> 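Attaching a single structure in structure tokens format; questions to follow.
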Amino acid sequence: MSTELHTLSGAYALDALSPEEAEQFRSHLAECAACRQEVRELTHAAALMGEVEATEPPTELRARVLAAADRTPQMPPRVRHLPSGARRWTPRLLIAAAAAVVLVAIGIGYNQLQEPEQQLAAPVAQVFNAPDAHRASMKTANGGEVSVATSPSLGKMAVETDKLPELGKGQVYQLWAIADGQPTSAGLLEDPDQGAAMEMPAAGIRVAITIEPAGGSEQPTTEPIMSVVPSQV
């Protein structure tokens, strides 16, 4: 039996072997009491680590982690046969290796979850991350979604618009502040992925988004795809 099989205890405990490798290692377990003990210890350690802070992962986390792994170049392992009598990995070393694998996976998932926020413009992220931020999300008439955040301490509001559908050439999203039925342009969303931030409108003023010709309009030429009263968020 190959000496390298002894080093697969950690990967087996984490269910990280291919089906063929797992089948081969299970055959090895039937003959190796030391590896059976290591697998028991590592499985228990992995369970304890998983219980440290049990949280429900976002439904999209698996897809994001797999996408990140797909983008990372994978190099084949450098394998060599251990000389007779060479020191094997102890359960303590294998537990440390397993912990490192778990931490790397958590790090990848965390970075992937952070990507959408990192795309936001800094003023927008500042409002959404404010300690006193109030947030709300709403569907838009054209099948998208907009998130709104307000921060009394900053005196600002922001919109996250990266979930708006992409417009055709010659069109742009435009923001409006509407007071007493009179709209005033609050700017164009040249890059919806970055969102937009502005000073907090006075109570009762409504903020809306319309689809306008490229360059924007002096007055709305279409019905708003969404509108919100920021003071009520």
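We use all heavy atoms of the structure for the numbers below, so side chains are in, but hydrogens, waters and symmetry mates are not. What you are looking at is a predicted structure, and each value in this text was computed from that prediction instead of being measured.
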> Does Leu189 reach the side chain of Leu175, with side-chain heavy atoms less than 4.5 Å apart?
yes
> Any donor-acceptor pair under 3.5 Å linking the side chain of Thr161 with the backbone of Pro192?
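Answer holds: yes.
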> Taking the side chain as C-beta and beyond, is there a heavy-atom pair between Val172 and Pro213 under 4.5 Å?
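Side chain of Val172 against side chain of Pro213, heavy atoms only: no contact under 4.5 Å found.
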> Indicate whether the side chain of Glu20 and that of Gln24 have a donor and an acceptor atom separated by less than 3.5 Å.
no
> Any chance you could measure Ser231, atom OG, to Arg206, atom CZ, to the nearest 0.5 Å?
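Reported value, rounded in 0.5 Å steps: 9.5 Å.
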> Which pair of heavy atoms, one from Pro165 and one from Gly144, lies closest together, and at what distance?
CD-CA, 3.7 Å
> Between the main-chain N or O of Ser153 and the side-chain N or O of Asp132, is there a donor-acceptor pair closer than 3.5 Å?
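Confirmed, Asp132 side chain pairs with Ser153 backbone.
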> Tell me whether Ile209 shares a hydrophobic cluster with Leu188, the cluster being built from Ile, Leu, Val, Met, Phe, Trp, Tyr side chains joined at under 4.5 Å.
no
> Is there a path from Val228 to Met198 through hydrophobic residues (I, L, V, M, F, W, Y) whose side chains come within less than 4.5 Å of each other?
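Per the 4.5 Å side-chain linkage, Val228 and Met198 are co-clustered.
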> Is the shortest side-chain heavy-atom distance between Val148 and Met157 below 4.5 Å?
yes
> CE of Met226 to CG of Asn142: how many Å apart, nearest 0.5 Å?
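CG of Asn142 is found 11.0 Å from CE of Met226.
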> Does any part of the side chain of Trp176, heavy atoms only, come nearer than 4.5 Å to the side chain of Gln182, both counted from C-beta?
no
> Could you state the interatomic distance from CG (Asp162) to CD (Gln194), rounded to the nearest 0.5 Å?
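Output value for this atom pair is 11.0 Å.
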> Got Arg135 and Val233 here, is their nearest side-chain heavy-atom distance under 4.5 Å?
no
> Has the side chain of Glu21 got a donor or acceptor atom that lies under 3.5 Å from a matching backbone atom of Ser18?
yes
> Less than 4.5 Å apart, any side-chain heavy atom of Glu212 and any of Gln171?
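Result no, sub-4.5 Å side-chain heavy-atom pair not found.
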> When you look at CG of Asp180, are more than 12 heavy atoms from neighbouring residues, nucleotides or ligands closer to it than 6.0 Å?
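No.
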> With hydrophobic residues grouped by side-chain heavy-atom distances under 4.5 Å, do Met138 and Phe128 end up in a single group?
no
> Are Val146 and Leu167 grouped together when hydrophobic residues (ILVMFWY) are joined by side-chain heavy atoms under 4.5 angstrom apart?
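Result: yes, single cluster for both.
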> Donor-acceptor pair, distance only, cut-off 3.5 Å: does the side chain of Gln174 make one with the backbone of Ser217?
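It does hold such a pair.
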> Which heavy-atom pair separates Ile205 from Ala179 by the least distance, and what is that distance?
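Reported closest heavy-atom pair: CG1-CB, 4.0 Å.
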> Under the side chain to side chain donor-acceptor pair (under 3.5 Å) rule, what do Asp191 and Tyr173 come out as? Steps first, then yes or no, please.
CA-CA 9 Å; Asp191 184 357; Tyr173 289 109; over 6 Å; no
> Using the rule that Ile, Leu, Val, Met, Phe, Trp and Tyr join whenever any side-chain heavy atoms are under 4.5 Å apart, tell me whether Ile178 and Val159 fall into a single cluster.
no
> Rounded to the nearest 0.5 Å, what separates atom CD in Glu218 from atom OG in Ser185?
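One gets 9.5 Å once the value is rounded to the nearest 0.5 Å.
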> Quick one, Ile225 and Thr210 - any side-chain contact, counting heavy atoms below 4.5 Å?
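No; the side chains remain at least 4.5 Å from each other.
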> Starting at NZ of Lys163, measure out to OG of Ser137 and round the result to the nearest 0.5 Å.
7.0 Å
> Indicate yes or no: at least one non-hydrogen side-chain atom of Glu199 is less than 4.5 angstrom from one of Lys156.
yes
> Quick one: closest heavy-atom pair of Ala177 and Ala186, and the distance?
N-CB, 4.3 Å
